[in-house]
Amino acid sequence: TIGAFGRSGIYTIMSMFALVFFQNGAGLTLQQGTTIILAGRIFDALNDPVMGMIVDKTNTRWGKMRPYLLFAPIPIAICTILLFTAPFKDGSTAAVIWAAVTYILWGVAFTVQDVPFWGLSSVITPLENERTSFISTARLGSTFGGILPALLVPILYQSNLGYKTGFFVSAVIFAVLGCALSILIFFVSKERVPKMDHTPSFKETFTVVGKDKVLIIVILAALLGST
């Protein structure tokens with residue numbers, strides 16, 4: 001729950017305030033900001049299944065999920081801080097490029113942790129009721145984790161700090177907090193379910209997905225719902 005709380009704080013500051021920062025902190029137009037976010041979400045939709053296949057092929061002494069839960073939080077924290085940094089002139093081409101690159105990098109870094117985090121339930125126990133309990137507890141922690149940034153971030157950027165400094169300070173707070181708490185997931189979890197003998201290849205996975213029209217519709221609906 002604590003780990004999910006930390007992850008949710010980072011995700012919330014990005015999902016709720018990235019567009020606000022792009023407009024008021026980096027000087028981008030609404031069209032530029034929404035285009036960057038849409039492109040990032042489309043890339044993320046393609047990125048998730050690829051990360052899932054990479055995780056399935058991972059084989060370490062810590063398991064296949066836990067290594068990513070140990071090493072991903074630091075890059076996520078760095079990308080979060082960079083995302084809410086505006087080093088270039090407001091509205092300039094460099095500012096647009098910086099926003100686009102940092103937003104996509106943030107999505108990649110978060111996916112590296114997000115996919116194995118939600119897949120952890122399948123390897124920590126073979127019992128369905130325990131897996132359900134894990135997911136329910138994680139979602140509860142995520143819900144509460146999103147409340148703090150939703151309340152604190154507006155207070156900071158509407159204070160004397162202003163948009164740029166207020167968002168930067170907010171990003172540092174939740175990046176450090178989220179990094180520290182989410183790393184704990186590695187130390188309190190253990191993979192107990194043996195790895196499958198056969199892991200589908202990239203080609204096999206995309207072939208199956210391409211033939212399942214219902215699954216494609218679900219993926220597209222999830223993509224549209226997240227933009």
Side-chain angles (χ1 to χ4, degrees), residues 1-12 14-15 40-77 79-80 105-146 178-179 181-210 212 214-216 218-223 225-226:
T1 302
I2 295 177
F5 181 94
R7 295 177 69 258
S8 182
I10 292 180
Y11 181 80
T12 300
M14 182 284 300
S15 61
R41 293 299 175 87
I42 293 174
F43 180 80
D44 191 53
L46 301 174
N47 191 35
D48 283 357
V50 173
M51 185 61 205
M53 287 181 279
I54 292 174
V55 170
D56 280 339
K57 292 181 179 296
T58 299
N59 185 19
T60 73
R61 62 190 180 92
W62 294 323
K64 64 179 183 179
M65 307 283 185
R66 293 175 66 240
Y68 300 100
L69 303 179
L70 175 63
F71 297 112
I74 293 177
I76 293 173
C79 289
T80 301
L105 284 177
W106 186 95
V108 172
F110 196 79
T111 294
V112 171
Q113 185 199 50
D114 193 52
V115 171
F117 173 75
W118 292 111
L120 191 62
S121 64
S122 65
V123 295
I124 59 175
T125 176
L127 302 178
E128 186 65 30
N129 62 324
E130 292 183 356
R131 293 179 180 180
T132 302
S133 176
F134 171 86
I135 294 175
S136 299
T137 303
R139 292 198 181 280
L140 182 63
S142 296
T143 300
F144 284 107
C179 177
L181 294 180
S182 56
I183 283 180
L184 293 177
I185 302 171
F186 171 83
F187 294 101
V188 299
S189 61
K190 182 178 181 180
E191 297 186 22
R192 299 180 177 87
V193 179
K195 185 177 180 180
M196 293 174 56
D197 293 332
H198 172 69
T199 300
S201 65
F202 290 102
K203 183 178 180 180
E204 290 173 336
T205 301
F206 281 112
T207 299
V208 172
V209 171
D212 194 331
V214 176
L215 180 57
I216 293 175
V218 171
I219 294 174
L220 291 175
L223 174 61
S226 64

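It should be emphasised that the depicted structure is a prediction, and the values quoted were computed from it without experimental measurement.
- Here the CZ atom belonging to F144 is positioned 15.0 Å from the CZ atom belonging to R139, to the nearest 0.5 angstrom.
- To the nearest 0.5 angstrom, D48 atom CG is 10.5 Å from M53 atom CE.
- Atoms CZ and CD1, from F71 and I76 in turn, are 13.5 Å apart once rounded to the nearest 0.5 Å.
- For T58 and Y68, the side-chain atoms include at least one donor-acceptor pair closer than 3.5 Å.
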Step by step, would you call S182 with L69 a side-chain contact (heavy atoms from CB on, under 4.5 Å)? CA-CA 7 Å; S182 56; L69 303 179; over 6 Å; no
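- Closest approach of V112 to M51, counting heavy atoms only: O-CE, 3.7 Å.
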Apply side-chain contact (heavy atoms from CB on, under 4.5 Å) to residues K64 and N59 and explain how you reach the verdict. CA-CA 5 Å; K64 64 179 183 179; N59 185 19; over 6 Å; no
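- Residues G52 and V115 share a closest heavy-atom pair of CA-CG1, 3.8 Å.
- Within the model, atoms CD of E191 and OG of S122 stand 8.0 Å from one another, a figure rounded to the nearest 0.5 Å.
- Remark: D44 pairs with no residue by the salt bridge (charged side-chain N to carboxylate O under 4.0 Å, His left out) rule, at least two apart or across chains.
- Between the side chain of S8 and the backbone N or O of A4 there is no donor-acceptor pair closer than 3.5 Å.
- L181 is linked by a side-chain contact (heavy atoms from CB on, under 4.5 Å) to I2, F5, L177, L184, counting only residues two or more places apart in sequence or in another chain.
- Not a single ring-ring contact (aromatic ring centres under 6.0 Å, His included) links F117 to another residue, sequence neighbours left out.
- Partners of T80 according to the side-chain hydrogen bond (donor to acceptor under 3.5 Å, both in side chains) rule, which considers only residues two or more places apart in sequence or in another chain, are W106.
- Counting heavy atoms from C-beta outward, L120 and R66 have side chains that approach closer than 4.5 Å.
- Crowding of I135 atom CD1: a count of heavy atoms from other residues, nucleotides or ligands under 6.0 Å exceeding 12.
- Of all heavy-atom pairs between Q113 and A72, the closest is CB-CB, 3.6 Å.
- How far OG1 of T111 is from CD1 of I54: 10.5 Å, rounded to the nearest 0.5 Å.
- Here the shortest heavy-atom pairing between I10 and G178 reads CD1-CA, 3.8 Å.
- With sequence neighbours excluded, the residues satisfying side-chain contact (heavy atoms from CB on, under 4.5 Å) with T132 are E128, S136.
- Put simply, CZ on R7 and CD1 on I183 are 13.0 Å apart, with the number rounded to the nearest 0.5 Å.
- Qualifying side-chain hydrogen bond (donor to acceptor under 3.5 Å, both in side chains) partners for W62, counting only residues two or more places apart in sequence or in other chains: none.
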